[in-house]
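These numbers were taken from a predicted model, which means no experiment stands behind them.
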Amino acid sequence: MNTLLVIAKEPRPGRVKTRLTPPYTPAEAAALAEAALVDTLRTVAATPAHRRVLVLDGAPGPWLPPGFDVAPQCAGGLDERLANAFAGCAGPALLIGMDTPQVTPELLTVDFADCDAYFGPAEDGGFWALGLARPDPGLLRGVPMSTPTTGAVQRARLLAAGLRVRDLPRLRDVDTAADARAVAALVPHSRFAARLADCSPATGGRADR
């Protein structure tokens with residue numbers, strides 16, 4: 001069985017999803033981040049795994065379901081923090097972020113029997129998932145993050161190491177208001193979609209109340 005890792009920030013106003021502001025207020029952006037995180041954690045909880053770990057920048061809140069270990073993120077850039085998350089795994093591990101509330105247990109149920117790595121590309125050029133049969137932090141360190149070529153560089157790094165890579169479906173991260181609307185439409189019954197409807201600018205920002 002695999003370890004499932006979720007790397008996330010504590011959903012506090014002004015610290016998460018700042019690209020949603022505007023049109024949303026910092027409180028609304030944080031509420032959307034929390035909803036996306038809750039949906040993601042629920043999906044991970046429903047996925048078979050030996051261990052589930054929330055790699056967190058901040059402190060856990062009432063949104064954290066049972067069954068998760070919590071590990072603090074290390075200092076440094078995102079490449080260092082991702083690398084450190086894998087460094088704590090002794091066996092196969094799949095890491096995802098908190099930005100794809102549309103993930104399903106089926107997407108996260110991976111089998112390393114005939115491959116060495118799983119790679120989930122994101123529409124913005126990054127990646128939403130990375131799985132390693134033998135976690136090696138060196139595969140991530142030095143990869144330029146948050147650029148249109150991040151995913152391509154990371155996947156090339158895996159191939160250059162001689163790994164057999166299996167690709168997961170391309171998904172859209174929630175970074176902008178347009179992303180939020182598109183992702184909510186994919187999962188209309190999710191907590192994320194409900195929160196987006198509640199804090200739509202057209203409602204006058206009810207999530208602030």
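In this structure, Arg12 has no salt bridge (Lys or Arg N to Asp or Glu O under 4.0 Å) partners at least two apart in sequence or on a different chain. Residues passing the salt bridge (Lys or Arg N to Asp or Glu O under 4.0 Å) test with Arg155, sequence neighbours excluded: Asp167. Residues satisfying the salt bridge (Lys or Arg N to Asp or Glu O under 4.0 Å) test with Arg172, not counting sequence neighbours, are Asp179. When the salt bridge (Lys or Arg N to Asp or Glu O under 4.0 Å) test is applied to Arg166, the partners found at least two apart in sequence or on another chain are Asp114. For Ala93, the side chain to side chain contact (heavy atoms under 4.5 Å, CB included) test picks out Thr3, Leu5, Phe86, Cys89, Pro135, with sequence neighbours left out. Take Pro65 and apply the side chain to side chain contact (heavy atoms under 4.5 Å, CB included) test, not counting sequence neighbours, and it matches Leu41, Phe68. Every residue was checked against the ring-ring contact (aromatic ring centres under 6.0 Å, His included) condition with Phe192, not counting sequence neighbours, and none meets it.
The ring pair (Phe, Tyr, Trp, His ring centres under 6.0 Å) pairs that include a residue from residues 97-129 are Phe112-Tyr118, Phe119-Phe127, where partners are two or more places apart or lie in different chains. Every pair passing salt bridge (charged side-chain N to carboxylate O under 4.0 Å, His left out) that includes a residue from residues 118-145 is listed here, sequence neighbours excluded: Glu80-Arg141. The side chain to side chain donor-acceptor pair (under 3.5 Å) analysis of residues 32-44, with sequence neighbours excluded, yields no pairs. Pairs engaging residues 55-66 under the side chain to side chain donor-acceptor pair (under 3.5 Å) rule: Arg15-Asp57 [sequence neighbours left out].
In the hydrophobic clustering (ILVMFWY side chains linked at under 4.5 Å, chained through shared members), Val16 stands by itself.
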